[in-house]
Structure formats: structure tokens, C-alpha cells
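In what follows, chains are A, B, ... by sequence order, proteins preceding strands, each numbered from 1. Worth saying up front: this structure is predicted, and the values here are computed from it rather than measured.
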There are 2 protein chains.
Amino acid sequence: MHISFSMPKKPSPDQIIDALSIDCLIFGFNNGRLDILLVKHGEGISKGKWALPGGWIQYNESVNHAAKRILHSLTGISDIYLQQLSVFGDVDRYPGKRVVTIAYYAMVNEEHYSLIPGFTASDVQWYDLHQLPDLLYDHTKIIQHGLKQLRHSVRHEPIGFNLLPKKFTLLKLQELYEAILETKFDKSNFRRKLLKMNLVKPSTEKQQDVSHRAASLYEFDEQRYQQLREKGFAFEL
Amino acid sequence: MHISFSMPKKPSPDQIIDALSIDCLIFGFNNGRLDILLVKHGEGISKGKWALPGGWIQYNESVNHAAKRILHSLTGISDIYLQQLSVFGDVDRYPGKRVVTIAYYAMVNEEHYSLIPGFTASDVQWYDLHQLPDLLYDHTKIIQHGLKQLRHSVRHEPIGFNLLPKKFTLLKLQELYEAILETKFDKSNFRRKLLKMNLVKPSTEKQQDVSHRAASLYEFDEQRYQQLREKGFAFEL
DNA sequence: TTACTTATAGTCAAAATGACCATATATTTA
DNA sequence: TAAATATATGGTCATTTTGACTATAAGTAA
């Protein structure tokens, strides 16, 4: 049996937890299509391959902090609401080493962020959900799981507003839900239902530069949302 | 700087991943009350303290497998549907060492299992949710999070049937939902709504040994549930 | 002016909901 | 044995919500 003569090592603060990684599944929305943010690896054995933005957790940071840091360093995206998705911990999911990964997910408006590849990423890009390249490790599985989660959440929680501009028309909101759920809603009924929930409030502005009657712009009413939440409000589509 | 002269160690199969643990939040249901399964530590510095059943992940097992193994070895409970709840990864959540934990949760019928303390546990017990002892680490936080999750799930998915006997009356089902959501339903309306969903099917049997008119016993219709799932059925209470 | 496009309001029958009431069927008590 | 009681189970009914449509409004483009 091999016995090390070294003393037990107290990890230095910026040393990583080597069996534990983070991967971020970022959904974007772009005229009717759902996109996913991918990075191209610029180093090591996986150089040139595409994957979800991911990396290692340091000893002196929380897991949630690590997720934000990693996403920012690889893609330039920051200040978004990253939520835990799931842990992927099969024995052979990562080559040559035992690595358990914690997947996070978020939804963002593509136009709000410029993509800046950094750290070990040589490229960052939005990919149409239906035209993804081959991905490293079990990242395809992570995406499938995330989609399932997204479709469930979007029916039972008022999410998805992050995918839209601050001010949006009701039709855009409808198209977003239709893209996520891959279904169609009746325009009139959708509008009626959503307005009755009071989650969106009308702004005074209207759509600009459209070749037809301009629609009113609405915005998500965060305050109202908090009020409803306290009452045990159940969002349902 | 300290440099170790030992070779990089290839972990032996049953060696543990030392920065990563698992904790299990098991809900039980007992005449109208929600319970939580706790174990008393029988060894080490935390000896005598109560906590959620938890332990370390081995190199040669998946994370999901570890959860089942740990729960079984400490409490005797096996063959249940353990689901991931969340990861708790604050820097100081565990004393003296950086440990990220993956929390799992499940619901079981208390009568179906006998509790057998094993491994490092000197005792196992169901505790009324509202009368928990002091718990180790951040386990109180894990329970709070799990409750939130449970309350959300129970309104949007047909779960909770695991908490009941195989055959149950509609009133017992109602009492279960009332205990979880801490609310009251109208008996007649609850019955009408649930029966229309077709998720429970009547058995030929009736309640025994009650001092009033015996109610019909129903059981969860797994097949019907799968059918409905494929159609994109939305359970809502 | 007309055609075309999308916005927005309204109609109406059917289904679901919430608050009740009524009766049925069992046990326990007087 | 009759009455009291407890819960089961079914029904009523006004109100609300839904789903499928129709109609009109307000713009641009030809």
C-alpha cells in the first residue's frame, strides 16, 4: 500500500475542490427561437470542442458564488438570476477522473449582454436549441433535463420575463411561451388570462416602427408579484 | 511552500470524495401530521446530536446510488423514490472542513418501514415537523427548503401518494394535502375534483373497524398517471 | 382608396368552482 | 329498540373561468 509522507494539506483559499464542478445552462430567446449559450474550449485535451460554460469551485467561495464567477469569466455575462438545476453524478460522466457537476440554469435576454470569451474559452456563442453541435461530457443530458425543468416551471411560475426586454407586447410574451412549450395559444384568450393575473402592468408606451397598428407595451410588475406570492398565489397557464 | 513527495494518488474504489456529502430529507405522514426522519450520531465529535441521515459518496458509485446506500445503512429504509432537492454549498456550513452537500428528499408511509439504526447512527426516529430538536450543521435550513419544495410540488404534481397506504380513503388523501399545505378543503368539492382527474381508481374494498359508515378505499392509478403525463396533463389543486 | 396586418374588445355555450344542503349508512348511547 | 352521532357520498345553484369564435380598430403598403 502506498503511504504518503506529506502532511495533510490544508487547502489554500483559491485551490479548487477537484471532484466537483459547475456547469451553466443559459437560455436565450431570439425572435421565436430558444437558444443555448455555449463556449468553445481553448485549452487542454478538449480544445476546440463546445460545451456548457463550466469550471471548478474554489475553497473560499460558496457554490452559488462559483457559478456566477465561472459564467462571468468565460462568457462576460453577469448579474443574472442563476438557479440550481440538478446534480449530475454518474461514475463515468467525466473522462479519467471522478467529477460530480452541479448544473445551474438561467434565462436571459440575448440583447442585454455582449458575449466576451475569457479564461479557458476561445469562443462563446448562442446556439439554436434545435441545432446544437456535439457537446462534451454529459452536457446534452443536462440540456434535456433543463428543458424539462423549464417547461414545467413556465407553466407553474411566472418566469420567462427575464427572456424578454423590459417592455414587451403581450404577443411577444405569448410567442415566448409558445416557443418554450411548443404549442399555440389563442391570442385573445391568452391576453385575457394574463391581464387578469395582474402580473404585467401597461406602460404608456407603444411599439415603434412596425408596419401595422402598434401594440401597447407592458412590463412585469415585480411588486405585484411579491404581493401575490405572499397570498399563496398559483400561477397557471 | 510544502511539496509532497508522494505520487498522485489514484483513489481506491471505496474511498470517499471528501468534499462532498449527501443528506436525506425523508417526510413521513402520521395521522394528520407531517414527520421528518432523523438519526442520532453515535460517533465522533457530533456524538449524541440529531441530524438528517447523511454520509459520504464513494468513488465507485453514482451520487444517486450513494443516497440510497447511505439512507439504508443508517436507517434501514430502502426501495424508495429519492429525488434531488438542492445543493448546499456555503463555505462555512460544515465545521473545520469544506463540505458541499447534496440534499435528497422522499416521502414514505411510516408504517411500511421499520427503523433500524445502523453504521454511525445510534438511533433513528420520526419527529413531528413542528417539534424538531436542534439539528447539526445547516440541516434546519435544508428542511425549510424541502418544505417549500414539497408544498410547491404537491400543488402541481400528483405526489404524496407514497405517504399513504396502498389503499386509502379520499378523506385521508384530503387530510394529507391539508397537512402539507396547512389549509382546509371542502370535502365534497375536493372529492369531485380528484375523482374527475382519474388518478385514483376505486377498489372493491371498504374501510374496516370504523365507528361510522365505512368509506370506499381507492388506490393510485399508476398506468393512468403515465397516460396523462404523455398528454401533457397538468395536475392542479 | 383599398388591401393587408396586427391589436384589442366582445359574444356565448360549456365547463369548472365554491359554498352549501340532503340523504345514506354505519356505530354508539339512552 | 329508538335516538343520537359521525362520516360518506351525492346533488344544487349561482358565479367564474374557459375555449372557440366574431367584430371592430388602427395602423402601413400598394
Just how far, in rounded Å, is [atom2] of [N] from [atom1] of [X]?
| X | N | atom1 | atom2 | answer |
| --- | --- | --- | --- | --- |
| A:D186 | D:dT17 | CG | P | 18 Å |
| A:D209 | C:dT6 | CG | P | 16 Å |
| A:L237 | D:dT18 | CG | C1' | 13 Å |
| B:K206 | C:dA24 | NZ | P | 14 Å |
| B:L173 | D:dA8 | CG | C1' | 15 Å |
| B:E236 | D:dT17 | CD | C1' | 13 Å |
| B:Q174 | D:dT9 | CD | P | 12 Å |
| A:F185 | D:dC21 | CZ | P | 17 Å |

[X] has a side chain; which of [options] sits nearest to it?
| X | options | value |
| --- | --- | --- |
| A:R192 | C:dA19, D:dA8, D:dG19 | D:dG19 |
| A:R213 | C:dT27, C:dT8, C:dC20 | C:dT8 |
| B:H212 | C:dT6, D:dT9, D:dA6 | D:dA6 |
| B:K196 | C:dG18, C:dT8, C:dT17 | C:dT17 |

Test item: [X] and [Y] side chains (from C-beta on) under 4.5 Å apart, heavy atoms:
| X | Y | answer |
| --- | --- | --- |
| A:L150 | A:F27 | yes |
| A:Y81 | A:I159 | no |
| B:L82 | B:I26 | yes |

Check: Between B:K187 and D:dT7, is there a side-chain N or O to OP1/OP2 distance below 4.0 Å?
Finding: no
Notebook entry, point to check: Would you say C:dA9 has OP1 or OP2 under 4.0 Å from some side-chain N or O of A:R191?
Noted result: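 The answer is yes; a side-chain N or O of A:R191 sits under 4.0 Å from OP1 or OP2.
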Notebook entry, point to check: Can you name the one residue among A:F233, A:F235, A:F220 that meets ring-ring contact (aromatic ring centres under 6.0 Å, His included) with A:Y225?
Noted result: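 Considering A:F233, A:F235, A:F220, a ring-ring contact (aromatic ring centres under 6.0 Å, His included) with A:Y225 is found only for A:F220.
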Note to self: Can you work out whether A:S188 or A:T169 has the more 5'-proximal nearest nucleotide on DNA chain C?
What the structure shows: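 It is A:T169 whose nearest nucleotide is closer to the 5' end.
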Item checked: Position toward the 5' end of DNA chain C (nearest nucleotide), A:L195 or A:S211 -> A:S211
Note to self: On DNA chain D, does the nearest nucleotide to A:N189 precede the nearest nucleotide to B:L171 from the 5' side, or the other way round? Give the residue.
What the structure shows: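 Nearest-nucleotide comparison on DNA chain D picks B:L171.
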Margin query: By the 4.0 Å heavy-atom rule, please label A:L170 as base, sugar-phosphate, or nothing.
Written below: nothing
Notebook entry, point to check: Taking the six-membered ring for Trp, are A:F161 and A:F168 parallel (under 30°), tilted (30 to 60°) or perpendicular (over 60°)?
Noted result: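 Plane angle between 30° and 60°, so tilted.
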